[in-house]
Amino acid sequence: MQSLRKLLATATFALVSASMLTACPSDDGSDDDVGTDEEDTGMDDSMMDEETTMGGELSHAADIQPIWDANCAVEGCHVAGAIAPDLSDGYTAMVGVASTQAAGVDYVVAGDAANSYVVAKLAGTQSDLGGAGSQMPLNLEALSDADQALITDWINSGANP
């Protein structure tokens, strides 16, 4: 009986050890994904941002306002007393608000980025919507593709506050 227990203990130890070893990354230089610091989740950065913000929904406050704050709501540009719209509160200033440059076109049409003037201004295609003026931000590099995509995704997903 004692030798049977010893045999079972040895077999259990061997199975546990083997399963632990197969779960560890190899150190032979091979490309295995197990245990790496940067896990490949199969999602790009914008998908990760969406999943980590408000339970998967993009929001103006968490995701979009920081873009306005860094690039648009700066001294001499889109702030109170300067150029409209005042983007220090971009949500109130743009969602469902008529553009001052394109008749009948809102800055942000919730659920419809293709017909939202802000998207056209950022892409430099404002004339396609009957607008005028220059691409925004004025006299600076265009917003990154990632920021523009985030704004587009936010609008298309309903332009949540």
Worked verdict on Leu58 versus Asp153 for side chain to side chain contact (heavy atoms under 4.5 Å, CB included): CA-CA 8 Å; Leu58 291 171; Asp153 292 345; 3.7 Å; yes
Donor-acceptor contact below 3.5 Å, side chain Ser59 vs main chain Ala62: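 Yes: the side chain of Ser59 pairs with the backbone of Ala62.
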Specify the closest pair of heavy atoms between [X] and [Y], including all atoms of both residues, with the distance to one decimal.
| X | Y | value |
| --- | --- | --- |
| Ala102 | Ser99 | N-OG, 3.2 Å |
| Val74 | Ala70 | CG1-O, 4.3 Å |
| Ala110 | Gly158 | CB-O, 3.5 Å |

Distance-only check: which donor-acceptor pairs under 3.5 Å involve side-chain atoms of residues 143-152, not counting sequence neighbours?
residue	atom	partner	partner atom	Å
Ser144	OG	Asp147	N	3.0
Gln148	NE2	Leu143	O	2.9
Thr152	OG1	Gln148	O	3.0

Hey, could you give me each pair passing side-chain hydrogen bond (donor to acceptor under 3.5 Å, both in side chains) that has a residue in [range]? Not counting sequence neighbours.
| range | answer |
| --- | --- |
| residues 68-97 | His60-Trp68, Gln65-Asp69, Asp86-Ser88, Asp89-Thr92 |
| residues 128-137 | none |
| residues 108-121 | Gln101-Tyr117, Gln101-Lys121, Asp112-Asn115 |

Decide whether Val118 and Leu140 are clustered together by the hydrophobic rule: side chain heavy atoms of Ile, Leu, Val, Met, Phe, Trp, Tyr closer than 4.5 Å, transitively.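 Different hydrophobic clusters.
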By side chain to side chain contact (heavy atoms under 4.5 Å, CB included) - contacts of Ala93 (at least two apart):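 Only Pro85 meet the side chain to side chain contact (heavy atoms under 4.5 Å, CB included) criterion with Ala93.
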For Ala120, check side chain to side chain contact (heavy atoms under 4.5 Å, CB included) against everything at least two apart and list the hits.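 Residues passing side chain to side chain contact (heavy atoms under 4.5 Å, CB included) with Ala120: Thr125, Gln126, Leu129.
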Chi angles and distances behind the side chain to side chain contact (heavy atoms under 4.5 Å, CB included) call for Val109, Val95: CA-CA 6 Å; Val109 179; Val95 178; over 6 Å; no
From CD1 (Ile64) to CG (Asn160), nearest 0.5 Å: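 That separation rounds to 10.5 Å.
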